[in-house]
Amino acid sequence: MPDYLEFKRIGIIGVGVVGGALRAYLESRGIKPLLYDPGLGLGSAIEVDAADLVFACVPTPYQPGSGFDDSIMRGAIAALSGSKTIVIKSTVLPGTTDSIQGDYPQHRILFNPEFLRENSALEDFVRPDRQIVGYARRWDAETARAVLRLLPRASFESVMPARSAELIKYATNAFLALKVTFANELFDLACALDADYELVRAGLAADARIGPSHLDVHDSGYRGYGGKCLPKDTMALLDLARQVGAPIRVLETAHAVNSELRGEAILHDLAAGGAPLKDALAA
């Protein structure tokens, strides 16, 4: 059975929220990773190419008018030589890992979704509630298990086909988007009924099946869901669902409600992702 110690050098491409948390975790274990993030002035493509295990933690933005954009990640992988284990930590649509594996059969392409929050990234990284590694080829499952043993342990751990792992990541963010939207509509109903939403929220949160997260309608200083992840991932999943003829109607409604709540602000969220690193990697 392969052990993670078989990986002699570990590299990270993209040292933002996710890559930065991964870096801190590895360094806490006495592992000094090779880094490459041109936007932050860290390392070089040549340096990170010396690794035999590389984590790709680069943006996968949603571009209004064209949709899901994985060009930054594909460009980063294209620059890697030899035969490596490459672990995609970027959020990618189901089928992406399989597609990249087909393009680069000399590598072992895996997918390891991240479920951390931006404001508590390192804490969430080292204490995950789940740890999942997906593979494109069945014979790479043992390598996926070795990567799993390198990462922080979790109460739920699984090695599975990459398509399922990719969908878990999108389903998680989509469900949170639904929860935020429901909370906002419930807030308006409470106001119309002259009920105290904070009391209603506390009562809901006490139900272990529901929990307290994403029920504070003013948590980020605005109504609806925003930020770097939920808008882009929700829209990308909706696009994919329509393309394969399995639309998620409840999520379509939530997206429409959120668009009313946030207006043009959502376009700012989408436009903010990925451009600086993409330009730097292309330079």
Side-chain angles (χ1 to χ4, degrees), residues 1-45 47-60 72-73 76-77 80 84-92 97 107-135 140-160 162 165-166 168-169 172-173 176 213 227-229 233 273-274 277:
M1 179 181 294
D3 190 86
Y4 74 84
L5 294 176
E6 72 180 45
F7 303 121
K8 297 179 177 61
R9 299 303 303 271
I10 299 174
I12 303 174
I13 303 177
V15 194
V17 174
V18 173
L22 173 61
R23 173 191 184 181
Y25 169 72
L26 292 175
E27 290 178 345
S28 74
R29 299 194 61 180
I31 301 170
K32 186 173 178 58
L34 301 169
L35 307 175
Y36 180 41
D37 192 317
L40 297 176
L42 294 173
S44 69
E47 290 176 70
V48 81
D49 197 35
D52 55 353
L53 169 62
V54 177
F55 289 89
C57 310
V58 301
T60 49
I72 305 172
M73 193 240 332
I77 292 174
L80 297 172
K84 305 183 189 303
T85 297
I86 300 171
V87 181
I88 299 169
K89 289 188 75 66
S90 309
T91 301
V92 295
T97 303
H107 297 309
R108 293 163 297 283
I109 310 295
L110 306 175
F111 175 68
N112 173 226
E114 198 54 70
F115 303 101
L116 52 78
R117 299 162 293 179
E118 186 172 357
N119 293 333
S120 55
L122 182 56
E123 178 184 350
D124 292 344
F125 190 94
V126 300
R127 296 181 180 85
D129 56 9
R130 55 200 141 155
Q131 196 68 265
I132 298 168
V133 182
Y135 55 85
D140 289 331
E142 284 302 320
T143 302
R145 292 187 182 95
V147 170
L148 186 68
R149 289 190 291 274
L150 170 67
L151 297 167
R153 306 308 300 266
S155 57
F156 176 88
E157 296 182 346
S158 183
V159 168
M160 64 179 68
E166 290 161 339
I168 288 169
K169 171 63 177 179
T172 297
N173 281 356
L176 294 177
S213 79
K228 296 179 180 178
C229 296
D233 292 348
L277 185 56

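Count residues from 1 along the sequence.
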By side chain to side chain donor-acceptor pair (under 3.5 Å) - contacts of [X] (at least two apart):
X: Thr97; answer: Glu166
X: Arg127; answer: none
X: Arg153; answer: Glu157
X: Asp233; answer: Asn173

Identify each donor-acceptor pair in which a side-chain atom of residues 18-25 lies under 3.5 Å from a protein atom, sequence neighbours left out, and give them as a table.
unit_1, atom_1, unit_2, atom_2, d
Arg23, NE, Glu27, OE2, 3.2
Tyr25, OH, Arg29, NH1, 2.8
Tyr25, OH, Leu150, O, 3.1

With rounding to the nearest 0.5 angstrom, report the [atom1] to [atom2] distance, [X] to [Y].
X: Asp37; Y: Cys57; atom1: CG; atom2: SG; value: 10.0 Å
X: Leu53; Y: Thr143; atom1: CG; atom2: OG1; value: 10.0 Å
X: Phe115; Y: Leu176; atom1: CZ; atom2: CG; value: 10.5 Å
X: Phe111; Y: Ile168; atom1: CZ; atom2: CD1; value: 9.0 Å
X: Arg9; Y: Ile31; atom1: CZ; atom2: CD1; value: 11.0 Å
X: Ile109; Y: Ile77; atom1: CD1; atom2: CD1; value: 5.0 Å

Test side chain to side chain contact (heavy atoms under 4.5 Å, CB included) applied to [X] - qualifying residues, sequence neighbours left out:
X: Ala141; value: Tyr135, Arg145, Val159
X: Ala56; value: Met73
X: Ser158; value: Phe156, Met160

[X] versus [Y], closest heavy-atom pair with distance:
X: Ala146; Y: Phe7; answer: CB-CE1, 4.1 Å
X: Leu116; Y: Ala121; answer: CD2-O, 3.7 Å
X: Ala165; Y: Pro113; answer: O-CG, 4.2 Å
X: Ser90; Y: Thr60; answer: CB-CG2, 3.7 Å
X: Gln131; Y: Pro128; answer: NE2-CG, 3.8 Å

Indicate whether any N or O donor in one side chain lies under 3.5 Å from an N or O acceptor in the other, for Ser120 and Glu123. no
Could you tell me whether the side chain of Asn112 and the main chain of Ile132 form a donor-acceptor pair under 3.5 Å? yes
Has the side chain of Thr85 got a donor or acceptor atom that lies under 3.5 Å from a matching backbone atom of Arg108? no
For a 4.5 angstrom cut-off between non-hydrogen side-chain atoms, does [X] reach [Y]?
X: Ile10; Y: Leu26; value: yes
X: Leu80; Y: Val54; value: yes
X: Leu110; Y: Ile86; value: no

Residue set satisfying salt bridge (charged side-chain N to carboxylate O under 4.0 Å, His left out) with Lys89, at least two apart, ordered chain then number -> Glu114
Salt bridge or not for Lys84 and Asp52, using N-O below 4.0 Å? no
